[in-house]
Amino acid sequence: DGAAAGAVAAAPGQLVFRARAVLGGRADLRLFASKKRRDPFPINALRNAALLATKTTHVLTVDVDFFPSAELHGAIVAQADLLASSPRLALVVPAFSRKGQFKNFGDDEWRRRLSAPGFVPATFAELVGCVAAVDCVVFDFTWNRDAHATTDSGAWLAESAHAALGAAGDGAKTLRAAASAPPGKDAPKPSAPYAAPSPRAVACFKSSRYEPYVVVRNDPALVPAYDANFTGYGKNKIEHVRHLRHDGFAFAVLPLGFLVHAPHPWSKSKRGWMKKGRGKHATDKLFKEADSKYDEASLRDGATPLCPGAKT
């Protein structure tokens, strides 16, 4: 549900993209033609282009290898009043991943696995089953736990289950009342309308490397653009989250809705990153330069701080 905007980069002669046929009128696409096949992948420029194409009041920027849950749009809309009254609020959408090492798979094998029924959980109930079977984990859990540890996905799962159970209990009462009503009569309306559970405030960041996917206001005057100097793989989103904190954004975890990453063959950018190793890539130097602007002591009022002893 909801509107979608996307941006795609391709070499000359390869601007063939079928997403509009899949997404229909909900998709607004921006196509980038790189000058050379070896040009670095313009990850943050693409994100900015997609944001410029959006017309909604709020946006959630995600990479193309993530699938939104069936409940996600409704969960975001349920927080409309909170989002409207909190211009510097970033709602964190918990991110999970289907387990699997597909880095060396060919396209045909990867597509076959991805298209298997139930491979990517689409509903909260399916996610619960996938996590319980240890077929799904927190995204990037194996090698980069700092990236999403602050979300506390275990607490989110319990909170969302409690909220779903409460809604189910209310529904059960309505069905019992309807069964007792005379023929042709509906159950009486509840005395109070259903209240969506409130987001859980993030008290502090456990690591400065926290890089959640967030819902923010669609306002370029308020929300900083992604730094287009970042290309290829690595640290492009961490820099943006640090910028948000520096500008006074508070973070809270959205209940019920979530994202699931589908494992896939490694991109050329990631292979190059892994080959050089952490701290040895040109992106690391760029990140240090960009990060020097975001001193913890100069955070704007209202920003979610780092926890005492947080990893930096």
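Values below: all heavy atoms of this structure, side chains included; hydrogens, waters and symmetry mates excluded. When a residue number appears, it is its place in the shown sequence, counting from 1.
A continuous path of hydrophobic side-chain contacts links Leu60 to Phe66 [ILVMFWY only; heavy atoms under 4.5 Å]. Using a 4.5 Å cut-off between side-chain heavy atoms of Ile, Leu, Val, Met, Phe, Trp and Tyr, with links allowed through other members, Val223 and Val214 fall into the same hydrophobic cluster. Note on Leu91: it does not cluster hydrophobically with Val59, by side-chain heavy-atom contacts below 4.5 Å among ILVMFWY residues. Linking Ile, Leu, Val, Met, Phe, Trp and Tyr residues whenever their side-chain heavy atoms come within less than 4.5 Å places Tyr210 and Phe96 in a single cluster.
Nearest heavy-atom pair across Tyr226 and Asn236 is CD2-O, 4.4 Å. When all heavy atoms of Ala163 and Leu256 are compared, the closest pair comes out as CB-CD2, 4.4 Å. The minimum heavy-atom distance linking Phe249 with Leu222 is given by the pair CE1-O, 3.8 Å. Closest heavy-atom contact between Ala203 and Pro305: O-CD, 3.5 Å. Cys130 and Arg98 get closest at one heavy-atom pair: SG-NH1, 3.8 Å.
Taking 4.0 Å as the cut-off between side-chain N and carboxylate O, Glu211 and Lys235 do not count as a salt-bridged pair. Under 4.0 Å is where a charged nitrogen must lie from a carboxylate oxygen, and between Asp135 and Lys99 no such pair does. Look at Arg47 and Asp63 and you find a salt bridge, because one of the NZ, NE, NH1 or NH2 atoms lies within 4.0 Å of a carboxylate O, short of that distance.
Side-chain atoms of Ser198 and Pro255, non-hydrogen and from C-beta on, never get closer than 4.5 Å to each other. In this structure, Val241 and Pro212 have side chains that are in contact, with non-hydrogen atoms separated by less than 4.5 Å. Two residues are said to be in side-chain contact when any heavy atoms from C-beta on lie closer than 4.5 Å; Phe67 and His261 fail this criterion. Contact of the Ser69 side chain with the Thr123 side chain is not registered, since no non-hydrogen atoms from C-beta on lie closer than 4.5 Å.
Atom NZ of Lys293 is surrounded by more than 12 heavy atoms from other residues, nucleotides or ligands within 6.0 Å.
Within the cation-pi definition used here (under 6.0 Å to the ring centroid, within 45° of the axis), Arg245 qualifies as a partner of Phe205. For the pair Arg145 and Phe141, the cation-pi criterion (under 6.0 Å, within 45° of the ring axis) is fulfilled.
Taking the six-membered ring where the residue is Trp, His148 and Phe139 present perpendicular rings, their angle passing 60° and hence far from 30°.
A donor and an acceptor atom, one from each side chain of Arg242 and Ser208, are located under 3.5 Å apart. A side-chain donor from one of Thr54 and Asn218 sits under 3.5 Å from a side-chain acceptor of the other.
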